[in-house]
Each structure stands twice: as structure tokens, then as C-alpha cells.
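Each remark here refers to the structure printed beneath this line.
Values in this document were obtained by computation on a predicted structure and should not be read as measured data. These values consider heavy atoms only, across backbone and side chains, with no hydrogens, waters or symmetry-generated copies. Proteins come first, then strands; the chains are lettered A, B, ... in the order of their sequence lines, and each starts at number 1.
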Amino acid sequence: MAETPSTFKLEPPEGLVASTTVFRGEVTLHTAREQLLALLTHLRDVQQFNQLIDVTCTDYFPQEPRFGMVYQLNSLPRNIRVRVNVMLSEHDARIESACAAFLSANWLEREIYDLMGIHFDNHPDLRRILMPLDYQGHPLRKEVPVTVEENAFSFNRERIDRDKPYARE
Amino acid sequence: MGLEQKLGDMGIVTTSLEKAVGWARSNAIWPLLFGLACCAIEMMSTQASNYDLSRFGMELNRASPRQSDLMIIAGRVSRKMAPVIRNLYDQMPDPKYVIAMGDCASCGGVFNNYAIVQGVDEIIPVDVYIAGCPPRPETLIDGILLLQEKIKGEKITTWK
Amino acid sequence: MVAEPTKIKEDIPEIHDSPQNIVRAEDVQLDITFDQLKKLVSERALTGETMLLNMGPHHPSTHGVLRLLLELDGETVINCIPDIGYLHTGIEKTHEGKTYLKGLPLTDRTDYLAPMSNNLAYCGAVEKLCDIDVPIRAQYLRVILAELTRLNSHLVWLGTHALDIGAMSMFLYCFRERELILDVYESVSGARMMSSYFRPGGLWRDVPDTFIAQVRNILQVFPGRIKEYEILLKKNPIWRDRTVGIGKIGAEDAIAYGCTGPTLRGSGVNYDVRKAAPYSSYDHFDFEVPLGTAGDVYDRYRCRLDEMPQSLRIIRQALDRLPPGPVISDDRKFNPPPKHEIAYSMESLIHHFKLWTEGFKAPEGEVYFAVESGKGEYGVYLSGNGTPKPRRVHFRSPSLNNLQAMPLMSKGCMLADLVAIIGSIDIVLGDVDR
């Protein structure tokens, strides 16, 4: 295996990749939303990246564009890894589903839809996966607070006890 | 248990009905096979050979709630699982007991967020709380012995 | 006298009135709707010819709270639709409210059967992001403890898998062996299971004097025990009947679904993160990666069972060559100084104060770091934003991708085989749901 992450050369076709960054030995390709599926298909067919290891999303609030989709790809024959980033705006949080290129994106995109609220076009089965089906909202967005219950100290313990819904029978 | 031996070594003991029934009930509890997360692994360790739970009478874990009388909530209860637990608790016949094992079942534990019910006593009434994350097998056995003390002390007026 | 509620001091942003954020009544649903179900099951279910059965979240053989919707034609499974989320804990969200060091104990609770592997992945990601060097003694000790964790995870897998198929005594044997490993954990860190022993930069403290003797005892006792398990199961005709040819998945399908670990290696694909992208000086050690051929339950069982002697081999090599030295990095911007230095050095006092009140700041950037846990490739994606708390922590869970491939593996099998297949994938619901 002569290729190392800092020396491998990727030559995607013109227009598919907007920019490339290298940080801590990892290569990240930044692309636009419209080119995503073409880039993933190119990486899978031509560059031999045959595994989609992970799909995730970061909330960059208060920066605009707010959501950053992250696709981690792995090439088993060449033994290299690459990351593809797509930025999405909050007011238009839709993107093409990667299920057409990789089967493993199915549940991972459902999880992002559930927790972040990004809609995936042409997804075979888009519904909530981790939260209850009647849950409203998208918990991993930054506007949802992290803590839910007040921490109990000796001065507020009785009030918390009084207001908490205990089951009686 | 009060012993009164009359007529020498005849092997007869006399005691009250409550004490006899309490002794029998507390040493033959059938737990529901219900483990959620990490505490379930410690519960399985407690039932395995090193810290044996069958010496306390809890050899069988029944899978069906209709045939069990103790539910050990071992692990964190998420919001999606809460109606299921309530359903299982309602299906258990009286008299039933609940042990909240671990910090997450007692009070929400480390997780103070949108997904975890902050203590399973928001859903079902709990008899014994066991602290720990996860509690050691000895702690679980201590909690079970506490429950056995509670069952032994039940009076005839509280029998359902 | 009861105090007023304290205001939670968080920057909660304004919710814009964009079309995405308005919830409509028709979006709220209580269970899977009929239209969604129609796409997932065959037409015979809609006419009533096949039966839809719910293998609910409370079930003795589903290894946790997994709900399966089964479409059955008699005893044969036509379609299997997993429903997860019953153990969703919001660990990723909770991490955003904690500093990097305080978030470390939360990682124990994702894959709770292999807690030190999770710690290793998280610490590796933080070290990669902040560019911290780990001393060589800490790396070797991490290797020893990670391999013990792999043994731990495989023992629980073997015990519960055999218990589901019917060999009940395996459960007791495996948990008896596990107590030896848990004793090592307890002597090293104080906790039997959730030991947050690895820290970004190395380890919490050096191992105690009893550690080497305990690990040597394990190395002496284990090969005989593994032989016992092989005698019980390897050529057992009942075991072979129940596992050979069941739950097959081809190499192409396994790769397409993102399967890793023994689920992938059982189909013959040679991918192990310890060999492909070595971390924590795994490249100093000599070991083999067992592969299967047919991709069925028996081959996955053989992969895991053969990994156990290889783990013992790695532990023996690491223990023989364990170098002396520090166990934590001395970069004072990230690791606190030893306590006795605070008495005479002002910089140590300031470092100690800043680290324990505010925490260290990670640079802006994103990294992904993966380890080979017992279940597959466990990865941590970390996005730092220059503050002591992370912007996003995401765990790439091996069990989620392996479980995604399960409907493919279980097409056409009997209901009793389904239990064997779930056991062979080795899922941990804490890892799937996080």
C-alpha cells in the first residue's frame, strides 16, 4: 500500500469539487448540494471508494449556511479514507439522498432527518428512527436546550420533588 | 421468625400466619426478564455463577409479565420505551414489586436531556432504589435483600 | 423557604418561522402508518395471506430492546423490519454541554460491553484534534486493555448467543471468565465496567503492582478455557445444524451496507482497522486476522472465537515488551500537572486551575478516528470550535450498520433461525441507539 492519506491523488472531474482541505492528515472535499450524488458515484465507481462508513450532520449555528453534511468514505482496495462536506442553509434544508449510490446511507439519513430535520429527496423510507413517532421537533439542533431537569441541591430539592410527576399506582 | 418448641425435639414450630407467608413469599420471587442497558449486564453477572442469585430464590426469570412478580428496571428508560414499561407493569398480577436498579432508573442518572425519563418513578411506583452506575452485584443483592425484608414485614391488612 | 427556579444559562437561539419549523397536524403520527408499511412488506401481507408479527421490545432473545416487525408465512420469515430507538439516550447532545474531559465517561455507555474501546476511540479523536502525543508506555497499556476489552465483549457475545440457541451452560462459563477481566478493570481504575481510565493524553494513572500478575494469570488460564468452549461447540452437530448455512450475506452486500468487524470478515473480506489504519502502536505487534468464507452464522462464530487467541497473543507481546516511563503526556495545556508541583511552581498552579475550571480548548476543525472494537469499526467524529466544549460529537456505531444488513440476512429463514442471526451479528442496543 503505497498511498498514504497525505500523498494520494484524487482527480475528480471538473466542477464536482469546490475545494479541498487537509487537516491532521485527513482529506476533506467540499462540494455543492447539486453535485453531491455525482461526486459520490464518481468516487465509488472510478476511485474505488466502496464503503460509505458514516453520514452525519453538524449544526454550525449561528453561522449561515447552518448545516454541514459530512460523508465519510472508505476505500477497501486502496486503503484510504476521504470525507465529503456539503453545507446547507437553514431555510432550504433539503438534499438528495445518497441511497442511490450507497445502501448504507438508509438508516444513517433517517437518523439525521429525525435528529436534525434535514429532508432527503428520493429516500426510500424517510421516517423517524430514534425518537418516538409522535415527537415534535428535532432534538440535535442548537435551539433545543441540552439539560432538561434542574440540578437538585438542598435549597431547591423540595420544590423539585413537589412539581415532579410521580406515579402513585 | 419466632420459634416455640413444645414437647422437646418434635420438630414443630409455631409462628404467626403473616410471618410464615412472608417468609415463603420473599424467598420465592420470580423476576421479569427485563434488562435495558448496562445495568442489565451487571444483573446478568449477578445471576451467573460468581454472585449467584438463585441462592436467594430468584433462579427463574420469567419472560412473560403475567407470570412474574418483580420487575427490576435495569438500565436507562428512554421516552420511546416508557409506554412499553407502563404496559408491562400493568400486565403484571398483584402483588408486584419494582426495583429501580442503577442511577438512570432512579433519577435519570448521568443523562439530563431530552431522551431519558428522569427516573422511572415518573411512570411506575418503585419499592427499592439501588444506586450505582452500574451498581456492583453485591449492591444489587443488598437491594434484593432489602426488598425481601419489606415483603417479610407485610401485614395481613395490606394483602391485596 | 423554597427558592425560585434558577434560570438555565444557555444560549438558546431564536426559532425562525421558516417552513421547516412549523409542525403540521398531518405530520404527527403515532405509529408506522399503513402507507409506509405498504412499501416495506410484500403484497401478500396486505391481503392477509401472510402474518404480521411483532417481536416486541421486551423479548428474551433480542439482546436488548429491539423491536422487529416480522412478516411470516407459517414459520418462514418473508420480511423483517427492525424498529430501533428504544434505548436512545441523547449522548451526542449531552456531549455538547460538557467539556472534553467531562464528556469522557459518557462514551463508556454507548457500547457498554466494551467500555475501554469506546474510551480509546474518543481519546484518540481528541488527541488527533488537539495534536497531543501519547507516551509509549501509555500506548502499550492501552493496547493491553483494549484487547482485554475485546475478550470481554466476545465472552458476553458467546454466552448470550449460545444461551439463545440453547446451550445454557456456556452462559455461566463465559461470565465466570469475565470476572477475571473485570477484576483487572477494577484494580486499574476502580470500576468494574464503566472505567473511564483512558484520558486524552494517556491514562489516568499508572497501573498498580498487581496488574502484571493478574494479566499473566489471565494469559495462563484463558487458552485452556477457549479450548473448552471449542470442544463444547465446534463439532457439536446440534450447533452446526443451527448455524451452518443460516443467515448468509455475500461480500458485496456486506460492503455495500457498511458492515465492519466479524460480520464483514465472516464473508471473506479482509478489513481490520488495526491493520488498515494502525493506532496506538498496534503496528508494533504481530497478529493474524481470522477470515471466514461463507458469510453464515457459523463463520462469524469462528471469526470471533479465533480472534480470542490472537488477542491473547497481542497481550503477551505487549506485556513482555512493556517500556517504563510516563503514562500521560506532559503538555500542560492539556494535561494537569502532578499535584506535588503545585506547591512550588506558579505555572503549574495556573495550568491546574485553568484545566479544572474551564478545560482545555480544542482548535477549530473536524477529525474522524476509528478503532476496531469487538463489534466492528467504532468511530468518533469530533468537530471542535475553539471553545472547551465540542460543537458536535458523533459516534459511528458498528452495530447500526450491521443491523441494517439483518433484513437481507434473514430473508427466507425460519423464526428460530432469526434468533441465531441476531446473536451472530452481535449488536448492542446502546451502540445502535446511542
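- A donor-acceptor contact shorter than 3.5 Å links the side chain of C/Lys93 to the backbone of A/Val144.
- With A/Lys142 contributing its side chain and C/Arg391 its backbone, the two residues share a donor-acceptor pair below 3.5 Å.
- What you find for C/Gly258 and A/Ser104 is that their closest heavy atoms are N-CB, 3.8 Å.
- In this structure, CG in C/Asn401 is found 7.5 Å from CG in A/Asp54, a value given to the nearest 0.5 Å.
- Contacts of C/Asp131 with chain A are made by both backbone and side-chain atoms, with heavy-atom separations under 4.5 Å.
- For C/Glu366 and A/Asn85, the side-chain atoms include at least one donor-acceptor pair closer than 3.5 Å.
- For the atom pair CD1 (A/Ile129) and CG (C/Asp433), the distance works out to 8.5 Å, reported to the nearest 0.5 Å.
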side-chain hydrogen bond (donor to acceptor under 3.5 Å, both in side chains) evaluation trace for A/Asn74 with C/Tyr271: CA-CA 11 Å; A/Asn74 185 19; C/Tyr271 174 61; 3.0 Å; yes

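- Proximity to chain C is limited to the side chain of A/Arg83, based on heavy atoms less than 4.5 angstrom apart.
- Taking A/Asp59, A/Val70, A/Leu52, A/Thr21 one by one and counting their heavy-atom pairs under 4.5 Å with chain C, the maximum is reached by A/Val70.
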Test log, rule side chain to side chain contact (heavy atoms under 4.5 Å, CB included), inputs A/Glu111 and C/His88: CA-CA 11 Å; A/Glu111 182 187 331; C/His88 179 58; over 6 Å; no

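- A/Thr58 is listed as a side-chain neighbour of C/Tyr381, based on a closest heavy-atom distance under 4.5 Å.
- For the pair C/Pro363 and A/Arg24, the minimum side-chain heavy-atom distance is below 4.5 Å.
- Atom CD of C/Glu252 has 12 or fewer heavy atoms from other residues, nucleotides or ligands within 6.0 Å.
- Rounding to the nearest 0.5 Å gives a distance of 7.0 Å between SG of A/Cys57 and CZ of C/Arg392.
- Distance alone, capped at 3.5 Å, places no donor-acceptor pair between the A/Glu26 side chain and the C/Val367 backbone.
- How far CZ of A/Arg110 is from CD1 of C/Ile84: 7.5 Å, rounded to the nearest 0.5 Å.
- Interface remark: of the candidates A/Leu126, A/Asp125, A/Asn151, A/Asp114, A/Asp125 forms the most heavy-atom pairs closer than 4.5 Å to chain C.
- Of the two parts of A/Pro62, neither the backbone nor the side chain holds a non-hydrogen atom closer than 4.5 Å to a non-hydrogen atom of chain C.
- Only the backbone of A/Val55 comes within less than 4.5 Å of a heavy atom in chain C; its side chain stays farther off.
- Ranking C/Thr94, C/Leu87, C/Leu129 against chain A, the residue ahead of the rest is C/Leu129, based on heavy-atom pairs under 4.5 Å.
- Here CD of C/Glu377 is found 4.0 Å from CD1 of A/Ile53. Values are rounded to the nearest 0.5 Å.
- The contact between A/Thr28 and chain C is made entirely by side chain atoms (from C-beta outward), counting heavy-atom distances below 4.5 Å.
- Rounded to the nearest 0.5 angstrom, A/Leu133 CG and C/Asp83 CG are separated by 7.0 Å.
- Residue contact with chain C, scored on non-hydrogen atoms closer than 4.5 Å, is absent for A/Ile160.
- When atom types are taken as modelled, the side chain of A/Gln51 and the backbone of C/Ala256 share no donor-acceptor pair closer than 3.5 angstrom.
- Of all the listed residues (C/Gln404, C/Lys128, C/Glu96), the one sharing the greatest number of non-hydrogen pairs under 4.5 Å with chain A is C/Gln404.
- The minimum heavy-atom distance linking A/Leu130 with C/Val432 is given by the pair CD2-O, 4.5 Å.
- Atom NZ of C/Lys102 has 12 or fewer neighbouring heavy atoms from other residues, nucleotides or ligands inside a 6.0 Å radius.
- In this structure, C/Leu403 and A/Trp107 have side chains that are in contact, with non-hydrogen atoms separated by less than 4.5 Å.
- With a 4.5 angstrom heavy-atom cutoff, C/Leu408 does not touch chain A via any of its atoms.
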